[in-house]
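Scroll down for the structure; my scribbles are underneath it.
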There are 2 protein chains.
Amino acid sequence: MHFTSEQRLDDAVCERTFTLGEIPGILWTPASASAPAPLILLGHPPLGLGRMYPRLAARAQHCAAEGFATATIELPGSGDRPRWPAAERARADLRRAMEAGGPLSDEIIDALILPLVDKAVPEWQAALDALLSLPDLGGPVGYSGGVISIGTRLAVVEPRISAAVLFAGSFVPRAVFEEARQVTIPLHVLLQWDDEGNDRQAALDLFDAFGSKEKSLHANMGGHTGIPQSAGDAAGRFLTRHLKRG
Amino acid sequence: MHFTSEQRLDDAVCERTFTLGEIPGILWTPASASAPAPLILLGHPPLGLGRMYPRLAARAQHCAAEGFATATIELPGSGDRPRWPAAERARADLRRAMEAGGPLSDEIIDALILPLVDKAVPEWQAALDALLSLPDLGGPVGYSGGVISIGTRLAVVEPRISAAVLFAGSFVPRAVFEEARQVTIPLHVLLQWDDEGNDRQAALDLFDAFGSKEKSLHANMGGHTGIPQSAGDAAGRFLTRHLKRG
């Protein structure tokens, strides 16, 4: 992990960009932290860190005010990272199927999402290894947002993650749906009720499938990016409740 | 409205019992209030105020700590109030249908709930008239909990109610389902995901039907009375956001 830049946001947050091998990432730490800060991994949709930066930085500043460090990495095939031919084909198949207006087949969703999950999850784990070796970061670790299939797989395979906020809103392969039953950590699931790009019933079924004893679903009106401030605040309180020590 | 007793709870809350005609009720006001307090009507299931008192008093104390007055009245046919024969028959029909294990017919649900809603809603409105004439109570008014069909009808017909917390968990007649489309006030709906006495899909359909632009659904694990503390706190924050002036 090599830090490539450092700046202050509003004097309250230290923002450092880094690379982890070929993967770019960003780390935000509260400028005033006196002890190692608990860490929240900020998930995001595969639109590229550059495009997502304003929303990610706003979430990071909000988290820093609560004493959390936050970090994110570029997803495979997004931003400046190399595309791979199968992903391009899967995206073209998805576009054709959506233009045709029919339901999306399991095959299209599997081809689109599974390789992304398979590639991304070990990268987030490697990022976690590197991040937790820094002196200003400690546990526990939370995950928040992004592609729900990545968050689900991470919640199953990564024991250092002790609570997660998941955003319903992406296609979920059958294999990941089955993995959801193995999740045991506390979950706070956000659902935008009128999200045109999201199958509401599939999101409710996935929520039902999660194995966690403590899970809650929070549905709000509006489209994919219309999560109200109060719902964001409630998700923040969930993470604070589960990740703050003592 | 005649006050029949007065006591302090923990020095912080003044609890007064009253009768409104033949209807018993309870009013809780913050002992320290300097200005007229906003009021939350505390709904409850038709189990009798006596049986519900511990839960209602706890909610009242919680609300008083946030500066709210709260009030509740006995439901028609509950507690010491007279039963009516049609309600007894409807309850017997419900028991038989549930013992038979089949789905409940619309006729059974209508016979059970509609007369209760028709009788209770004008009583809550009369209570509101009396309560708001007291010098220590002011607007705005919220409604929280209880039989969701009563809360839905009240939200439609009573313009003084400006926000409501509704608990999914009772049978909803078709007529009330249609009324839900006319609700426009902000709603915060709680759903216990594993509530055996509640049809989850019907609750989701009702949430979808509410006409309010601002509505949110909060589903938590557990049975009918297992609402976690954090979910109760979030409902309280919703009411504070909508009812606190200035």
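Chain A is the first sequence line, chain B the second, and so forth, proteins listed ahead of strands; every chain is numbered from 1. Every value quoted in this text rests on a predicted model; they were computed, and no experiment measured them.
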Ranking Ala231(B), Ser216(B), Ala234(B) by heavy-atom pairs under 4.5 Å to chain A gives rank one to Ser216(B)
Under 4.5 Å, counting heavy-atom pairs only, tell me which of Pro228(A), Ser230(A), Ala219(A), Gly222(A) racks up the most with chain B.
Ala219(A)
Are Lys215(B) and Met221(A) close enough that some pair of their side-chain heavy atoms sits under 4.5 Å apart?
yes
Within a 6.0 Å radius of atom CZ on Arg174(B), are there more than 12 heavy atoms belonging to other residues, nucleotides or ligands?
yes
Interchain contact, Gln201(A) with chain B, by part (heavy-atom threshold 4.5 Å)
side chain
Is atom CZ of Arg51(B) surrounded by more than 12 heavy atoms (other residues, nucleotides or ligands) closer than 6.0 Å?
no
Give, as side chain, backbone, both or neither, the part of Asp194(A) having an atom under 4.5 angstrom from any heavy atom of chain B.
neither
Should Asp233(A) and Arg237(B) count as an ion pair when the cut-off is N to O under 4.0 Å?
no
Mind checking whether Leu204(B) and Arg200(A) have side chains closer than 4.5 Å, heavy atoms only?
no
